[in-house]
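As C-alpha cells, the structure follows; a few thoughts come after it.
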Amino acid sequence: MDPVVIIGTRSEGMTVLDVERLPHEEGEQVLVEISRGGLTAARWVFFFHDAPQLVRYFSSLSRHWRGWRGKQEWKSLEGDLEIQATHTGSHVDFVVSLRSEPSWQSEISLTVAAGTDLERIADVLATTLPT
C-alpha cells in the first residue's frame, strides 16, 4: 500500500502507511505515522472493528464543516491513537496523539481549512480503511 496522508502532509501530519486485516475477523491493524518539526512517530494501531467509527467521525466533521461547540474526539479501543478536533470559525484545529504505553507518547497539532479539506480527509479515510 502506498502511504495515504490523512491530515496535513507527510512531513507535517498523520499518514496511514499500511492496513492489515487480522485473521478470524478480529479487526484490523493500521500502521499510523505522525510527523511534525522533523520528528516522526509510528506504530501499528489495533482496530477491533473501530475503523468504521473513525470513518464516521471524519464524515461527521465534514458534514458539520460550518462549526460545532467544544472538542470532537475519537479514540481507538486501546487508546493508542486519539484525535481531537476543535472548530475555530474557518478552520479546524486537530490534536493527534499516538502512544505506546508505557514507553512513549507523541502528539502533534495541525490546522486545516473547514469545508473541502475536511471532505477530502473523510473521502480518503472511507477509501483507505475497511468500513
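Model, not experiment: these values are computed from the prediction.
Residues satisfying the ring-ring contact (aromatic ring centres under 6.0 Å, His included) criterion with Trp44, sequence neighbours excluded, are absent altogether. With sequence neighbours excluded, the residues that form a side-chain contact (heavy atoms from CB on, under 4.5 Å) with Arg43 are Val45, Asp80, Leu98, Ser100, Trp104. Evaluation of the ring-ring contact (aromatic ring centres under 6.0 Å, His included) rule for Phe46 yields no partner, not counting sequence neighbours. Under the rule for a side chain to side chain donor-acceptor pair (under 3.5 Å), Asp117 has no partner lying at least two apart in sequence or in another chain.
When atom types are taken as modelled, the side chain of Ser62 and the backbone of Phe58 share no donor-acceptor pair closer than 3.5 angstrom. Listed for the Arg36 side chain is no donor-acceptor partner under 3.5 Å among the backbone atoms of Gly13. Not one N or O on the side chain of Tyr57 forms a donor-acceptor pair closer than 3.5 Å with the backbone of Pro52. With hydrogens and angles disregarded, a donor-acceptor distance shorter than 3.5 Å links the side chain of Ser59 to the backbone of Val55.
Of all heavy-atom pairs spanning Thr9 and Thr15, the tightest one is O-OG1, 4.5 Å. For the residue pair Met14 and Val96, the shortest heavy atom distance occurs at SD-CG1, 3.9 Å. The heavy-atom pair separating Ser106 from Ile34 by the smallest distance is O-CD1, 3.6 Å. Between Ser11 and Ser35, the shortest heavy-atom contact is O-CB, 3.4 Å.
Connection of Val124 to Val16 is established within a shared hydrophobic cluster, with ILVMFWY side chains joined at heavy-atom distances below 4.5 Å, either directly or through further cluster members. Neither Val95 nor Trp68 shares a network with the other; the hydrophobic side chains, linked directly or stepwise wherever heavy atoms of I, L, V, M, F, W or Y lie under 4.5 Å apart, form separate groups for each.
Rounding to the nearest 0.5 Å places CG of Leu31 at 4.5 Å from CG of Leu17. The structure places NE2 of His64 at 13.5 Å from CZ of Arg69, a figure rounded to the nearest 0.5 Å. Interatomic distance, Ile108 CD1 to Glu33 CD, rounded to the nearest 0.5 Å: 9.5 Å. The line from CD of Gln72 to OG of Ser60 is 6.0 Å long, rounded to the nearest 0.5 Å.
Applying the salt bridge (Lys or Arg N to Asp or Glu O under 4.0 Å) test to residues at least two apart or on different chains, none of the pairs has a partner in residues 119-128. Legend: side-chain hydrogen bond (donor to acceptor under 3.5 Å, both in side chains) pairs involving residues 85-98, not counting sequence neighbours, sorted by first then second residue: Asp93-Thr111, Ser97-Glu107.
Side-chain contact between Leu61 and Phe94 is present, with heavy atoms from C-beta onward closer than 4.5 Å. A heavy-atom distance below 4.5 Å is found between the side chains of Glu82 and Arg99.
Relative ring orientation between Trp74 and Phe47 is described as perpendicular, the plane-to-plane angle rising above 60° on a 0-90° scale split at 30° and 60°.
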Task: Test side-chain contact (heavy atoms from CB on, under 4.5 Å) applied to Val92 and Leu118, step by step - done: CA-CA 9 Å; Val92 177; Leu118 283 177; 3.7 Å; yes
- [ ] Decide yes or no on side-chain contact (heavy atoms from CB on, under 4.5 Å) for Leu54 and Leu125, but give the supporting numbers first.
- [x] CA-CA 8 Å; Leu54 181 58; Leu125 267 175; 4.1 Å; yes
Open item on the list: side-chain contact (heavy atoms from CB on, under 4.5 Å) for Leu129 and Val30? Distances and angles first, verdict last.
Closed with: CA-CA 9 Å; Leu129 296 180; Val30 178; 3.9 Å; yes
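With salt bridges taken as basic N to acidic carboxylate O contacts below 4.0 Å, none links Lys71 and Glu73.
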